[in-house]
Structures are given as C-alpha cells and as structure tokens.
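One structure is given here, and the rest of the page talks about it.
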Amino acid sequence: MNYEAFAAQLDHIQERATASLAGIDASDALAAWEREFLGGKGELTMLMRSLGGIEAGQRPDAGRRANEVKKGMTAAYSAKEAAIKFGGLTTRLAAEAVDVTLPGRKPNIGYAHPISLMIEELSEIFALMGFQTVFGPEVETTHYNFDLLNIPADHPARDVWDTMIVDTPSDAIVMRTHTSPMQARVMENTSPPVRVVVPGRTYRYEAQDASHEWMFHQLEGLAVDKTIRMSDLKGVLQELARQLFGPTRRIRFRCDFFPFVEPGVDFAVDCAICYGKGCRVCKGSGWLEMGGAGMVHPNVLRGVGIDPEVYTGFAFGLGVERMLMMRHGINDVRAFAANDLRFLAEFASFSAHAGRGSSV
Ligand code: PHE
C-alpha cells in the first residue's frame, strides 16, 4: 500500500467513526463502536497493521498520522463513555427524586387500653403508699377462691359470686370470681408486714347489661401488720379517692357483709360532678360506690398460718371499670370490651398521670 492510499483510508475511517460516535447514547452501542474501530480486529487496528507495507521513507510519517487519529478517537471514546455514564445518572436522579420537604407519614403505633391505663395509675397511687403490685392466676381452685376466704363449701355466700366452673371431674377449678384469692396466696408466701395490690381480670356468670359484664377487672388491696386498724383502711381509701377524683373528695363507709372481713364495709366517694347533691352520674344519691372492704377476718389469717392475736390487716376490692366509668361519665361497662376504636381512641392521649394531674 502506498502512503496516499493509507492516508485516504485513515481519513475515511476517522470520518465514519466520528459520524457514528455522534449518534451513540448508550453504553452497549458504544462498546460495539469500540470493537468496530479501535478493538483488536477493529478497522483502525487492521489498517495500522499494514504500515509495514509502506515505503520506508514515508513510513514514520504515516505512523505518526495514524497514531494521532487513534489518540483522537480514543479520547472521543472516553468522552462519550463519561457522557453516557453521567447522562444516565442525571436521568436516574430525576426519576428517583425524593421530595424531602414532604411531611412524613406518622406510623400508627397504637396506645394502651383505658383499663390498662387505669391499672397503671392505680398501681402508682398505691406504690406511693408503700403497696407492691402483684398478679395472680385467673383460673383458680375453690380452695383459694372460697375456702381460704372463710366461705366453706355449703355456705350460701358462695351463691353471691356467680361462678364459672371449669369442666373438671371435681368441679374444684373455677374462673376466679374476684381478686381476693390472692390475699391467701400472698399471705401464704410472705410473712407480715404485707402490703400489696392485685389488679386483674375476674369472671362471673352473669347476664350482661350496662353495669354487668361476665369479665371485668378488680384491684385487690391487702395490708397485714401488727398495728393495722380500721382507720388505716379509711386513710388509704381516702387518699385513693383524692388521687383519683380530686383533693376535696369525701368517702363514706357503710356496713356490708363479706365472709372474709370483719367488720365489712362498702365504700363510696361523694360524686365529683354534683358534690353530693345528686345528679345523673350518681343517680341522685350523691355517692359513687367504689367497692368492698374491711378488716381481714381472723379465720382467714389463721387459714394461712398467721396468728390473729398478733397480726391484723385490712383488705379492699375495687372495680377498675367502675373507676373509669365514674371519672369519665361512661354509662355502659360493655364499652370496654366491645373493641370499638372510636371509644378506645378517646383515651389515646391519657398518660398514667393525666387524670390525676388534672384534678389535683
Ligand atoms: N372480693 C369482694 C368482691 O368481689 C370485694 C372485697 C374485697 C370485699 C376485699 C372486702 C375485702 O365482691
């Protein structure tokens, strides 16, 4: 090949390569272009292999020109490669853009059930008076639910608690009808002084209506020591009423009967809505019933091996649903277990302190 033909072919390749490169905008097409012109079997490479056939005097010149063309094409290739890479990034950035100024979506993390909040609040009130919170079994034996509470098998008082009996041959397993069996369990395992509260579910075989549920919550209280008197019970319950319903609350004790206390009382707080005058919330009586209480019966102490000549104690039982109904003017106990989120969400903003803080 002579020098002229070589130069003409070189120009030709350069022209076509430049034109073809201009139309390329993707990396696979660019790779094909590279193979076609610059690769080991590419046109430029093949042409340069024929340099040896050029007359010696003109060979260096031809070689220099060919190298310039190769350099130019390699540079154009690199520039295109960068443009494709950068161009792709720009398009991707545009397509995947995130608007960081949009407010985030608030995750729905839920909230505690009003009953749980009330139990937490009660536990805290009693903790400040030195009571420890403990929990007991919901499936109980009649031994703890009745016998140790001074309610023998044929005692008519058993009928007061409409008991759900678990289907076992002996009928000795029941759903606990109150939290009082924990009085015996705690005293069996702890020597006085004892100060505990026991929140939890209780069960009764009852027709449901606005004030009766077959499952509801109680909070049991028990204090046993050498000098516990009725006035201690009264002071603790008075403080409870203040914490729950406000600083000027008064409480009332009336005689009542529970086989495991003597004397026994029911206790009430004066209605925080009408201050005792009588209104719809207290059904005209001026008083709201909170629960039962009394001094622990000597037979109960004896039954768990505590000498009633040395130790005395008081016990009380609160209805947890009842406390919420009284404080928030809720008139149907079934609302708590109905799982209507519109009702439950009303309590979402209640911390364990909200109710007390607002009234103290
Ligand atoms: N356990 C009783 C009830 O459920 C309430 C109570 C508890 C009464 C403690 C006196 C002492 O009716």
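We count ligands from 1, going down the list as the structure has it; atoms in each ligand are counted the same way. Please read these numbers as outputs of a predicted model, since none were measured by experiment.
The environment of Y205 atom OH is sparse: at most 12 non-hydrogen atoms of other residues, nucleotides or ligands sit within 6.0 angstrom.
Between F314 and I228, the closest heavy-atom pair is CD2-CG2, 3.4 Å.
Under a 4.0 Å criterion applied to the non-hydrogen atoms of F258, ligand 1 contributes the atoms 8 (C), 10 (C), 12 (O). If you number the atoms of ligand 1 from 1 as listed, the ones under 4.0 Å from a heavy atom of F260 come out as 1 (N), 2 (C), 6 (C), 7 (C), 8 (C), 9 (C), 10 (C), 11 (C). Listed by number with element, the atoms of ligand 1 under 4.0 Å from a non-hydrogen atom of R204 are 3 (C), 4 (O), 12 (O).
The closest approach between S180 and ligand 1 falls below 4.0 Å for a heavy atom of the residue. Look at A293 and you'll find a heavy atom under 4.0 Å from some atom of ligand 1.
In terms of polar-atom proximity, Q218 is counted as a contact of ligand 1, with an N or O under 3.5 Å from an N or O of the ligand. Residue contacts with ligand 1: Q183 is placed with no nitrogen or oxygen under 3.5 Å of a nitrogen or oxygen of the ligand (distance criterion only).
The one candidate from F260, F258, Y203, F316 that meets the ring pair (Phe, Tyr, Trp, His ring centres under 6.0 Å) condition with H178 is F260.
The backbone of F316, and not its side chain, has at least one atom closer than 4.0 Å to an atom of ligand 1 (non-hydrogen atoms only; backbone = N, CA, C, O).
Between R176 and E220, no side-chain nitrogen of the basic residue sits less than 4.0 Å from a carboxylate oxygen of the acidic one, so the salt-bridge criterion is not met. With respect to the salt-bridge test (charged N to carboxylate O, under 4.0 angstrom), the residues R254 and D266 qualify.
Ring pair F347/H328: centre-to-centre distance below 6.0 Å.
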